[in-house]
Amino acid sequence: MPINFDAALGLHADALKVRSQRAELLATNLANADTPNFKAQDIDFQAALNNAVSKEPSGQVTKTHKNHMAMNTNSNGLITPVQYRIAMQDSLDGNTVDEQVEQAQFMQNSIQYQASLEFLGGKFKGITKALRGD
């Protein structure tokens with residue numbers, strides 16, 4: 001009987017992908033904290049995870065003509081709903097990055113990423129025990 005890893009691992013593998021993408025965006029925000037007119041971005045984690053689990057893009061947008069442009073997708077072909085963060089305080093240079101908010105979001109995302117890794121580690125230990133017959 002073959003092992004279906006998608007069913008065995010649940011949504012934690014997809015959660016890791018989304019958390020990784022979110023970490024990249026938050027790191028980009030922090031790196032551009034002093035860039036004029038840079039707009040802070042973030043991912044709606046719940047919507048992105050729902051897209052990753054369902055394996056289909058949100059909105060069901062299809063091309064109806066050969067000259068239509070394709071939607072931006074990540075490497076897995078899934079649409080990641082990237083949104084702009086609303087600034088709590090306006091800046092003179094148009095930058096919407098609040099370093100303290102970004103650092104807090106980055107740390108929260110890191111902790112949740114680590115938790116997903118722990119869950120996956122437990123799943124792999126369980127699968128290994130089942131294969132060994134322990």
Checklist line | CG on Asp98 to CD on Gln89, rounded to 0.5 Å | finding: 8.0 Å
Next item on the list: Kindly indicate whether the side chain of Thr96, heavy atoms from C-beta on, has any atom under 4.5 Å from the side chain of Arg85.
Entry: no
Item checked: Backbone N/O of Phe124 and side chain of Thr128: donor-acceptor pair under 3.5 Å -> yes
Item checked: Atom pair NZ/OG of Lys17 and Ser116 - distance to nearest 0.5 Å -> 12.5 Å
Between side-chain atoms of residues 25-34 and protein atoms elsewhere (two or more places apart, or another chain), which donor-acceptor pairs fall under 3.5 Å?
from: Thr28; atom 1: OG1; to: Glu24; atom 2: O; distance (Å): 2.8
from: Asn29; atom 1: OD1; to: Gln41; atom 2: N; distance (Å): 3.1
from: Asn29; atom 1: ND2; to: Gln41; atom 2: O; distance (Å): 2.6
from: Asn29; atom 1: ND2; to: Glu102; atom 2: OE1; distance (Å): 3.0
from: Asn32; atom 1: OD1; to: Thr35; atom 2: OG1; distance (Å): 3.1
from: Asn32; atom 1: ND2; to: Thr28; atom 2: O; distance (Å): 2.9

Check: If we only count heavy atoms from C-beta on, is the Leu117 to Gln114 side-chain gap below 4.5 Å?
Finding: yes
Checklist line | CZ/Phe119: more than 12 non-hydrogen atoms of other groups inside 6.0 Å | finding: no
Item checked: Shortest non-hydrogen contact between Ser91 and Asn95, atoms and distance -> OG-O, 2.7 Å
Note to self: Between Lys39 (side chain only) and Gly94 (backbone N and O only), is there a donor and an acceptor less than 3.5 Å apart?
What the structure shows: yes
Check: Think Arg19 forms a cation-pi with Phe45, using NZ or CZ under 6.0 Å from the six-ring centre and within 45 degrees of its axis?
Finding: yes
Next item on the list: Could you tell me which non-hydrogen atom of Val18 sits nearest to which non-hydrogen atom of Ala48, and how far apart they are?
Entry: CG1-CB, 3.6 Å
Notebook entry, point to check: So do the side chains of Arg22 and Asp42 get within less than 4.5 Å of each other, counting heavy atoms only?
Noted result: yes
